[in-house]
Amino acid sequence: MPMEKTFNAAEAEPRIYKMWEEAGAFKAGANASRDETFCIMLPPPNVTGHLHVGHAFNHTIMDMLTRWKRMQGYDTLWQPGLDHAGIATQLMVEKDLAETQQPKRTEMGREKFLGKVWEWKAAKGGTIEQQARRLGDSMDWSRSAFTMSGAESAPATEKPGNFHDAVLKVFVEMYNKGLIYRGKRLVNWDPHFETAISDLEVENIEVDGHMWHFKYPLAGGETYEYVEKDEDGNVTLRETRDYISIATTRPETILGDGAVAVHKDDERYAPIVGKLCEIPVGPKEHRRLIPIITDPYPDPDFGSGAVKITGAHDFNDYEVAKRGGIPMYNLMDTKGAMRADGKPYAEEAAMAQRYADEWLIRKGFKEKPDGLYIDTGEPHEATVAAMNLVPDEYRGLDRFEARKRLVADITAEGLAVMIPAPAPEPGPQPGDDTEVPDQVRDAGHWEPFVEAKKIMQPFGDRSKVVIEPMLTDQWFVDTAKIVGPALDAVKEGRTKIMPESGEKVYYHWLENIEPWCISRQLWWGHQIPVWYGPNADENGELEFPDERGQFQRPLQAFCANTPEEAAHQAAAFYGVTTEDIVPVADQNTGWSWLAKDDGDYPIWRDPDVLDTWFSSGLWPFGTLGWPAEDEAMKYFPGDVLVTGQDILFFWVARMMMMSEAILGQEPFHTVYLHQLVRDAKGEKMSKTKGNVIDPLDMIDAYGADALRFSNAQMAALGGVLKISEDRIKGYRNFGTKLWNAFSFADHYQIPYPGDAARPDATQTLNKWIIGETGKVRETVDAAMEAYRFNDAADALYAFTWGKVCDWYLEFSKPILQGDDAAAKAETEQTLRWVLDQCLILLHPIMPFITEELWQLADSRAKMLVHAAWPTYTAADLVDADADREMNWVIDLIDNVRSARAQVHVPAGAKVSLLVTGLDDKGQSAWDNNHVLIQRLARIESLSHVDAFPKGCVTIPMAGGTFGIPLADLIDVKEEIARLEKTMQKLGKELGGLRGRLNNPKFVASAPEDVVEEAKANLALRENEEAQLKAAIARLAEIG
RNA sequence: GGGUGAUUAGCUCAGUUGGUAGAGCGCUUCCUUUACACGGAAGAUGUCGGGAGUUCGAGCCUCUCAUCACCCACCA
């Protein structure tokens, strides 16, 4: 049955994939013939995810490696799975609820909502796993893992798994070792998702902002001499001020100011350090007074040199506040609106001022009042945090709206710093038109000092809203304690990051690592395995919450793998039996239990869940059954991690830290980092730009193999990845070329698979191609081992197309059509063998078309996916004589073709060929291969002559000069021009070679083989030159 | 502000211890020759971003300048 004209990818790929999958071809250990394992962990895509070009690239690399190792007989595992992706998934389900008119998340409650998420996951999640099959990914799907498997909320219909166990066990272990702690700290808060996020999830983007300058009046109307000096100490400004000037980009935070800080060496403010100033906003009668303190943080050269300190809403201020014990007032709710809870402003402000006054007195900012004075003591930080210092008129406003109102109100009150307004749009001015006209200044055109300014603003990487620093209780991994081994693993070379530049980036981040905030105020995720209970004092008396529901003493935490265990711990702590420990749904119901005081001890679970990356960090062993005893743990540590550079910190560094901390081993020996996949112009793909390339469209149009080959080909280490449809198309054509090579064999009715063994070739032609195959196998393996996939792809392309198809198949025609049965048989066998090698070597890159061609054979012992990868070397297979001879033949054909084309000999016309001075080697090369040469160069006959006749095209070759007599057909001038052009090129080369060899220093200092090579080269070129010169001289005679 | 990478043919990019530049696409000309027009044959195209240095020799090493990209960073 004749072959189809081309490979029908659309029809064949699903069929072939199904065959592989049904045969269990990708299962862990399939085709293993040795004990060594090879394991790659797929970076788990979001359960909500769809396949994009980045995945397609990534997967191609991993699949190439896995298929390659599997064919080599390794015990391979490519471990697939999905990430539960806390924020993204929760968001998607919430959207879905809204679209389908279902109750909101908060309305249905936690348990029911989680049920919805699981339902959603079962119905719509994991699309990407189906899409990945279209790429040909050879993952062991039966092992597909999920980072939320085994969670309490998981329905029975879910595939079983124990990833949740791993997460809890790790948390508990790290908690017990003191590597995880809880604390009230300033964290990045996402007002859209209403959760804390980690530093890494924040993108700092430069936006157009403003800096406002306001006056903070000194308490009691005090004044001071404000003096500015230039560098030389000359006074440039001297005035009496009753205020201190403050610059801010975030006026709404003024409400939470706890102090104003200046540098201790800033002479301008020396007179007022230690004095109090007034917050310039809010009801006049309740303006809080805050101290002017010194701190190293303010830069005297920036702004006014004085900084307002809002400890609860700015990371710098937070540090200053911590240093100075300055109260931090929380101003916003979880949505980023000004708080509307608590008591009326008057009461709150009064209370804050009372605490503040005591603090001021304690610190010596204020005189102790006469008479009896009782210090009520430091308020608990929770009490401070609970106070709402937002004046009533701003309560409930969005932070940006509040900003506008505050600016307007402060300005209206005359507390904005004023500057002369710039000139109105220049009407015609006499003289200088850049100067602000005096009459404008004099007329009192002043305006508030607001600088338009580029500011770096933090945005949530998913929500795209402005991140608010917020003072909240969160869980942290004490990364400083576990970072050491992860650093050492790379420094000591146990894990290698490729490209190497990644290592520097890795060091820099890890060496400056911040605590990792791992709690998220979400529902979809691993709920933190910590239960709280009221703390007891020395007498075992339980503490009651205060009127605001705050506990003055830290809560008692019980960290355990199960609620039972937690209850057990609690019982031991309170000195009661576990029956007395009563789990309650939340803290609020806990209070009521407390209030009853009936001998029960309530404990309630932390409602927060863990950062998704906390669980992803356990991926290298959580997928292998850990913490259960599982045979699959033999695949740990894995081998290579292939992932995008962008998640080096998010994921790679965390896996390194967690694997080292929990198992004491690095999770892989190599990290292959790649860049973002961009469009052909190098731009990021985005829906708004409309330049998104969907890999599935590419597969539909050109087949998965073409896309994969394109991916492999652009995988230069560290390179920019630009995907281009033209390229993919080109590799589809390459597939067709390969297809047609088999069609060729089919055409000549060569038995398939025939004798698959490599023949012991006698024909030069066959020896040569066998040697070339040996070379390419070595090149491909070396490239693969070095992760230079582009080199592997290029080598195979050049071999298959440039050597096998362009030359070998052409050369084989005369033999295949000839009468020499022995030569024919040998050539048939060689051809089959070589084509088989092409399939084997190309399989990791182009699995579908190669498997299809492989199985066109009548019978195969194994599928190609399990065929044995060859180990022959160039040294084994290259026959130097055959190599030289065939290259000479190719050279001659090339030269004749070139000469013919240039003097316009019709392509179809056969010409006779002359030769002079042919040496023995040349003669035997001709004798052995004249049939091929005559056929491919369209030559009628060869005649030996002493001298070329007039009008002859000259072809200089090693070992003889060939010529094509064209008598009158030849345009002498044109031929001279052609030869001279060749001479010119040759002249350049000769110049270089002679220059080097004539330089005694070169001969003295260059390595011997380089010198030898240059000499040999020179001799060859000189010979060629002589031939050309003679030819030109001959032509000149007739010309 | 710190860091990393890039700059090579019209385009997109390779170029692994320094030995005198390559691929694909595109372009030009010819060819419907019995595997293949998703093809064959031939061809054109580069002072390797600028400058300096080291070296017998530099696309590659050093310095410097320029442009671009990305990452990190708290300047109110």
Side-chain angles (χ1 to χ4, degrees), chain A residues 3 5-7 199 204 211 246-250 253 261 297-299 301-310 314-320 455-456 458 469 499 501-502 504-505 508-509 512 645-646 648-649 675-676 680-682 684 702 706 710 713-714 716-720 722-724 726-727 729-748 782-783 786 788 790-791 794 797-798 802 805-806 809-810 813 817 894 897-902 904 906-908 936 938 988-989 992-993 995-996 999-1007 1009-1011 1013-1014:
Chain A
M3 285 172 67
K5 207 165 154 49
T6 57
F7 175 58
D199 301 350
N204 290 300
M211 192 154 81
I246 302 286
T248 180
T249 55
R250 306 200 47 205
T253 64
Y297 164 60
D299 174 0
D301 296 327
F302 187 87
S304 67
V307 187
K308 63 194 244 0
I309 301 300
T310 319
D314 182 284
F315 284 97
N316 287 313
D317 294 4
Y318 178 69
E319 294 301 321
V320 177
I455 52 173
M456 292 299 274
S501 60
K504 285 185 197 163
V505 183
H508 184 258
W509 191 70
N512 297 289
Q645 229 170 26
D646 50 332
L648 177 64
F649 306 142
Q675 298 207 355
L676 198 77
K681 288 179 196 149
K684 271 190 190 181
Y702 305 107
S710 161
Q713 203 284 332
M714 68 178 175
L717 262 176
V720 178
K722 297 184 191 175
I723 190 168
S724 133
D726 279 344
R727 235 163 217 261
K729 195 170 162 185
Y731 294 123
R732 187 271 319 263
N733 295 354
F734 173 67
T736 306
K737 190 73 183 175
L738 179 68
W739 185 265
N740 278 310
F742 279 79
S743 179
F744 173 95
D746 199 43
H747 179 85
Y748 284 92
R788 306 179 69 95
N790 57 322
D791 286 349
D794 283 341
Y797 186 99
C805 292
D806 284 352
L809 295 189
E810 292 300 332
K813 282 178 184 172
Q817 293 163 342
D894 268 344
R897 279 173 169 175
S898 179
R900 288 173 55 122
Q902 281 176 71
H904 309 300
L936 294 180
R938 303 228 148 216
K988 253 190 178 176
E989 216 172 324
L993 284 165
R996 274 198 281 166
N999 183 340
K1001 283 187 179 168
F1002 170 71
V1003 183
S1005 44
D1009 54 327
V1010 174
V1011 177
E1013 198 190 316

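Residue numbers begin at 1 in each chain, while the letters A, B, ... track the order of the sequences.
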Between [atom2] of [N] and [atom1] of [X], the distance in whole Å:
X        : N     : atom1 : atom2 : value
A:Leu648 : B:U4  : CG    : P     : 15 Å
A:His508 : B:G2  : NE2   : P     : 12 Å
A:Ile309 : B:A76 : CD1   : P     : 13 Å
A:Gln645 : B:C72 : CD    : C1'   : 13 Å
A:Ile455 : B:G1  : CD1   : C1'   : 18 Å
A:Asn790 : B:U16 : CG    : P     : 11 Å

Checking contacts here: which listed nucleotide ([options]) is nearest the side-chain heavy atoms of [X]?
X        : options             : value
A:Asp299 : B:C74, B:C75, B:C56 : B:C75
A:Ala247 : B:U4, B:U20, B:A76  : B:A76
A:Asn999 : B:A73, B:C56, B:G19 : B:C56

Close N/O contacts between protein and nucleotides 6-10 of chain B (under 3.5 Å):
none

- Item | Pair of N/O donor and acceptor under 3.5 Å linking B:C74 base with A:Asn316 side chain | yes
- Message: For RNA chain B, please output the secondary structure as dot-bracket, reading 5' to 3'. Pairs are Watson-Crick or G-U wobble, both atom distances under 3.5 Å; mark crossing pairs with [ ], other-strand partners with |, unpaired with a dot.
- Response: (((((((..((((.....[..)))).(((((.......))))).....(((((..]....))))))))))))....
- Message: Counting only side-chain nitrogens and oxygens, does A:Arg788 get under 4.0 Å of the OP1 or OP2 atom of B:G15?
- Response: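 Indeed, a polar side-chain atom of A:Arg788 lies that close.
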- Query: Start at the 5' end of RNA chain B and walk down; is the nucleotide closest to A:Lys1001 or to A:Ser304 reached first?
  - Reply: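 Nearest nucleotide further toward 5': that of A:Lys1001.
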- Measure up the A:Tyr731 and A:Tyr797 rings against each other and bin them: parallel (under 30°), tilted (30 to 60°), perpendicular (over 60°). perpendicular
- Looking for any heavy atom pair under 4.0 Å, which part of the strands does A:Gly305 touch: base, sugar-phosphate only, or nothing?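 Result for A:Gly305 = base.
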- Report which part of the nucleic acid A:Ser898 touches: base, sugar-phosphate, or nothing (heavy-atom distance under 4.0 Å, all strands). sugar-phosphate
- Assign a letter to each nucleotide of nucleotides 31-41 of chain B from its 5' end: B, base within under 4.0 Å of a protein heavy atom; S, sugar-phosphate only; -, no contact. ---SBBSBSSS
